[in-house]
Amino acid sequence: MKRYWLMKSEPDVFSFDHLAKAPKRTTSWEGVRNYQARNFMRDTFRKGDEVLFYHSNTEDAGIYGLAEVVREGYPEQESPWCMVDIRATAKLREPVTRARLAADSRLKGMMVLKRGARLSIQPVTPEEFKIVSALGKPEYL
DNA sequence: GCCAACGTTGGC
DNA sequence: GCCAACGTTGGC
């Protein structure tokens with residue numbers, strides 16, 4: 001069964017545009033140092049799962065693009081940590097900011113909106129994914 | 001830049 | 001195994 005995820009990145013470090021311009025529009029998601037997020041990547045991510053790409057710690061935090069999982073969890077070299085590969089699939093013409101997320105009552109269950117939700121990889125429901133991607137008017141790449 | 005919330009560390 | 005101290009995240 002296909003699953004849906006939200007993945008956070010600080011745009012100053014690695015934005016959705018960075019991903020869209022990367023070779024094959026693909027990157028390895030290295031550097032996660034949280035066990036819960038690591039376990040999601042290692043145990044639950046499957047090829048074909050879809051991703052909301054979220055910009056955190058910035059003005060206008062929110063969802064800027066869509067991506068898909070193209071390689072399932074594999075170890076970072078010489079470490080207990082783990083990463084996946086994701087590929088950009090669509091840029092959102094109208095990024096879905098936190099304000100827009102919060103204004104939509106259908107999305108009030110989203111983990112990213114909860115106070116103190118620091119987890120950098122979060123599950124989202126198929127409905128949430130559909131609603132957010134429709135709001136964003138995706139331009140498929 | 002502030003600071004609340006959270007995860008991790010480490011002394012005991 | 002408890003829990004205080006610490007470092008980090010991330011919204012504002």
Side-chain angles (χ1 to χ4, degrees), chain A residues 1-23 25-141:
Chain A
M1 184 188 68
K2 180 149 86 170
R3 290 191 171 81
Y4 299 87
W5 306 96
L6 179 148
M7 297 173 79
K8 294 183 190 173
S9 186
E10 300 195 21
D12 293 346
V13 180
F14 191 81
S15 69
F16 183 77
D17 281 340
H18 286 123
L19 178 61
K21 286 173 185 157
R25 309 198 305 268
T26 298
T27 193
S28 56
W29 205 255
E30 58 191 286
V32 170
R33 293 294 181 269
N34 170 283
Y35 291 110
Q36 205 180 346
R38 189 276 308 268
N39 294 347
F40 279 139
M41 290 198 292
R42 187 189 59 191
D43 304 332
T44 319
F45 269 56
R46 290 291 174 264
K47 214 171 154 178
D49 285 358
E50 296 197 65
V51 174
L52 300 173
F53 194 106
Y54 180 89
H55 287 182
S56 66
N57 203 15
T58 180
E59 224 178 333
D60 299 322
I63 292 154
Y64 282 74
L66 309 180
E68 65 179 347
V69 177
V70 291
R71 182 173 176 188
E72 297 179 6
Y74 60 105
E76 286 192 33
Q77 192 151 23
E78 307 276 327
S79 87
W81 298 103
C82 177
M83 55 193 179
V84 297
D85 290 355
I86 64 168
R87 186 170 76 105
T89 52
K91 180 183 172 78
L92 297 188
R93 294 187 185 86
E94 295 182 18
V96 185
T97 61
R98 289 183 66 82
R100 291 182 75 204
L101 292 172
D104 194 313
S105 63
R106 297 169 298 172
L107 300 175
K108 61 183 167 201
M110 287 186 76
M111 188 183 298
V112 74
L113 295 176
K114 311 270 165 152
R115 187 172 172 74
R118 288 170 46 179
L119 191 59
S120 65
I121 297 178
Q122 306 177 357
V124 301
T125 68
E127 292 75 22
E128 288 162 350
F129 182 89
K130 266 181 216 138
I131 293 163
V132 172
S133 49
L135 285 173
K137 301 200 165 53
E139 175 188 350
Y140 287 92
L141 302 171

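Every chain is numbered from 1, with letters handed out A, B, ... down the list of sequences. Just so you know, these numbers use all the heavy atoms, side chains as well, and skip hydrogens, waters and symmetry mates.
Annotation: proximity of residues 49-60 of chain A to DNA chain C (heavy atom, distance under 4.0 Å) is found for A:Y54, A:S56, A:N57, numbered in ascending order.
Between A:K91 and A:E139 there is no salt bridge, since no side-chain nitrogen of the basic residue lies less than 4.0 Å from a carboxylate oxygen of the acidic one. Ion pairing between A:R33 and A:E76 holds under the 4.0 Å rule for side-chain N and carboxylate O.
Of all nucleotides listed (B:dT8, B:dA5, C:dG11), C:dG11 comes nearest to the side chain of A:A61. In this structure, the nucleotide among C:dC12, C:dG10, B:dT8 sitting nearest to the side chain of A:R98 is C:dC12. Picking from B:dA5, C:dG10, B:dG7 the nucleotide with the shortest atom distance to the side chain of A:K8 gives C:dG10.
Heavy-atom minimum distance, A:S133 versus A:L92: O-CD2, 4.3 Å. The heavy-atom pair separating A:V32 from A:A37 by the smallest distance is CG1-CB, 3.6 Å.
Taking atom CG of A:L119 as the reference point, atom P of C:dT9 lies 13 Å away to the nearest angstrom. In this structure, CZ of A:R38 is placed 14 Å from C1' of B:dT8, rounded to the nearest angstrom. Protein atom CD1 of A:I63 is 15 Å distant from nucleotide atom C1' of C:dG11, rounded to whole Å. We find that CG of A:L113 is positioned 20 Å from P of C:dT9, with the value rounded to whole Å.
Few gaps surround OH on A:Y74; more than 12 heavy atoms of other groups in view lie less than 6.0 Å from it.
Between A:Y35 and A:R115, the residue anchored nearer the 5' end of DNA chain B, judged by the nucleotide with its closest heavy atom, is A:R115.
Aromatic pair A:F16/A:F53: ring centres closer than 6.0 Å.
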